[in-house]
Amino acid sequence: METRTIEQLSENFQQKIDADIKIEPNDWMPDNYRKALIRQISQHAHSEIVGMLPEGNWITRAPSLRRKAVLLAKVQDEAGHGLYLYSATETLGISREETIDDLHEGKVKYSSIFNYPTLTWADMGAVGWLVDGAAIMNQVALCRTSYGPYARAMVKICKEESFHQRQGYEIMTSLMNGTEVQKAMAQDALNRFWWPALMMFGPSDAESKHTEQSMRWRIKRYTNDELRQSFVDATVPQAELIGLTIPDPKLRWNEERGHYDFGDIDWDEFWQVVGGNGPCNKERIEARVKAKEEGAWVREAALAFASKSKSRQN
Amino acid sequence: MSSNEWPLWEVFIRSKQGLNHKHVGSLRAPDAAMALQNARDVYTRRSEGVSIWVMQSALITASDPKESGPMFEPADSKVYRHPTFYDLPDGIEHM
Ligand SMILES: [Fe+2]
Ligand SMILES: [Fe+2]
């Protein structure tokens with residue numbers, strides 16, 4: 001067989017990407033592409049899993065059986081999303097346990113939004129509506145990402161996400177149709193989650209060090225600022241419709257651009273939270289480490305049982 | 001570290017009676033029974049299936065993408081395996 005040089009392989013690889021031909025696990029890929037994907041997909045997987053914590057916090061205190069069943073189903077979906085994504089990460093040659101340990105040792109991040117506490121029931125509305133809404137913006141774009149297993153996981157995830165945002169918006173709508181206290185509770189949740197939701201799209205394009213390469217590899221299909229703008233444009237009318245006020249005095253419709261203009265994001269806060277100093281960073285990682293450690297004996301027992309049953313069969 | 005990891009399983013689902021099982025993804029489980037149970041919870045939460053197969057990933061033998069040229073070339077050069085290769089006289093519409 002002819003041996004091809006790295007240059008030829010790289011060129012061939014980029015041609016496939018440019019032609020929108022998916023890259024599959026055993027195909028040749030540049031080392032940096034593999035590394036970037038491991039970082040991006042595992043970060044995404046961790047966000048799904050850590051994201052269960054702030055909502056899990058309210059399952060036992062949901063105001064009705066209907067809301068409880070819905071929230072439980074949503075949180076279970078997020079566990080599923082984490083699992084699809086861990087599987088996709090594993091196709092790149094890193095073990096699941098290594099991936100999870102990287103999170104626990106702080107080597108890999110998860111979405112900064114999950115470092116904010118969920119203080120009232122209205123936060124379940126704000127999280128579903130805004131946080132899942134922002135995640136959907138991102139995930140819909142990623143259904144066309146260049147790596148096959150990642151794209152397929154995204155398609156499945158997007159299908160499941162569609163009720164997540166609706167149930168959150170429904171909670172907000174109910175509260176806004178309620179008493180003054182309920183309305184205030186909804187507005188307060190929006191006030192606390194609006195800016196962190198905008199931060200979910202990551203640093204501005206000018207500051208984002210990975211964007212250019214990621215776009216070329218099509219592991220990202222739109223820039224952070226493009227996605228953020230789409231999110232603002234989609235969400236503002238939804239807030240207005242139910243009588244909520246977006247906590248941004250600079251927000252206004254720009255006829256010329258055909259988009260909303262909005263105020264400056266507090267990037268200091270963003271970097272503080274990303275850097276580990278958000279309100280709940282410590283608590284979130286502690287919860288994950290505890291789950292792993294305290295579940296270890298169950299995983300070991302299951303393996304021991306499996307090998308014992310196997311030896312009995314033989 | 002990885003010696004304690006549960007083995008990886010590939011999951012195949014028949015979405016409805018009459019269709020074949022199709023690969024949908026993978027998961028980790030200690031044994032086949034748990035793999036089936038987990039596959040139900042992970043891949044069929046919205047009635048996506050009426051039947052599930054699970055198989056340990058390690059048992060799969062896959063073709064090598066680097067060899068896909070020589071592997072699949074024999075089919076490429078045999079156009080006469082397709083009906084469009086043949087000339088039919090005018091007047092024959094369906095064959
Ligand atoms: Fe999700
Ligand atoms: Fe979600």
Side-chain angles (χ1 to χ4, degrees), chain A residues 1-4 9 12 16 22-29 72-74 76-91 94-101 148-149 152-153 155-157 159-160 162-163 292 296-310 313, chain B residues 1-16 19 21-49 52-74 76:
Chain A
M1 205 194 99
E2 55 167 336
T3 47
R4 280 182 267 178
L9 287 166
N12 187 261
K16 272 166 85 178
K22 298 273 185 253
I23 307 301
E24 294 295 342
N26 294 327
D27 293 346
W28 187 90
M29 61 186 86
L72 203 54
K74 178 188 189 288
Q76 194 189 6
D77 272 354
E78 307 301 4
H81 299 173
L83 293 175
Y84 311 148
L85 290 164
Y86 282 131
S87 293
T89 316
E90 281 189 282
T91 65
I94 181 168
S95 84
R96 186 171 304 210
E97 185 159 18
E98 206 179 333
T99 308
I100 290 169
D101 287 342
R152 291 191 285 276
V155 170
K156 191 156 169 53
I157 287 174
K159 263 188 217 150
E160 300 185 350
S162 48
F163 99 76
K292 189 186 172 197
W297 72 270
V298 180
R299 294 191 299 278
E300 280 160 28
L303 263 186
F305 176 77
S307 71
K308 218 174 196 175
S309 334
K310 210 173 179 184
Q313 276 170 13
Chain B
M1 171 173 62
S2 53
S3 60
N4 275 338
E5 265 192 296
W6 288 351
L8 194 63
W9 301 76
E10 299 302 323
V11 181
F12 302 82
I13 289 178
R14 184 201 295 288
S15 56
K16 64 179 204 193
L19 297 180
H21 286 76
K22 200 176 149 203
H23 182 245
V24 294
S26 51
L27 51 77
R28 288 197 175 266
D31 57 29
M34 283 281 283
L36 270 181
Q37 195 85 29
N38 291 354
R40 184 204 59 183
D41 292 343
V42 178
Y43 292 104
T44 65
R45 285 195 305 283
R46 286 170 176 78
S47 317
E48 290 96 334
I52 303 175
W53 289 350
V54 291
M55 182 192 190
Q56 274 206 27
S57 316
L59 297 176
I60 291 177
T61 307
S63 64
D64 180 353
K66 283 199 288 299
E67 300 294 327
S68 59
M71 178 86 167
F72 298 108
E73 187 278 335
D76 290 346

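All chains are named by letter (A, B, ...) in the order of the sequence lines, taking the proteins before the strands, and each is independently numbered beginning at 1.
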Between A:Ala306 and B:Asp31, the two heavy atoms sitting closest are CB-CB, 3.7 Å
Among A:Ala79, A:Ala296, A:Ala304, A:Ser87, the residue with the most heavy-atom pairs under 4.5 Å to chain B is A:Ser87
Interatomic distance, CZ@A:Phe163 vs CZ@B:Arg46, rounded to 0.5 Å, equals 5.5 Å
Assert top hit (heavy-atom pairs under 4.5 Å, partner chain B, pool A:Gly80, A:Ala302, A:Ser309) equals A:Ala302
Comparing A:Thr91, A:Asp27, A:Asn26, A:Asp77 against chain B, the one with the most heavy-atom pairs below 4.5 Å turns out to be A:Asp77
Result for side chain to side chain contact (heavy atoms under 4.5 Å, CB included) between B:Trp6 and one of A:Arg299, A:Arg96, A:Glu97 points to A:Arg299
Under 4.5 Å to a heavy atom of chain B? For A:Phe305 that would be side chain
Beyond-backbone contact of B:Pro65 with A:Glu24, side-chain heavy atoms, under 4.5 angstrom: no
Is any side-chain N of the basic residue among A:Lys156 and B:Glu48 closer than 4.0 Å to the acidic one's carboxylate O? yes
Scored by heavy-atom pairs under 4.5 Å with chain B, the best of A:Arg152, A:His81, A:Glu90, A:Lys310 is A:Glu90
Answer yes or no: is there a donor N or O on one side and an acceptor on the other, between the side chain of A:Tyr84 and the main chain of B:Val42, under 3.5 Å? yes
If one checks every heavy atom of B:Pro7 against chain A at 4.5 Å, the contacting part turns out to be side chain
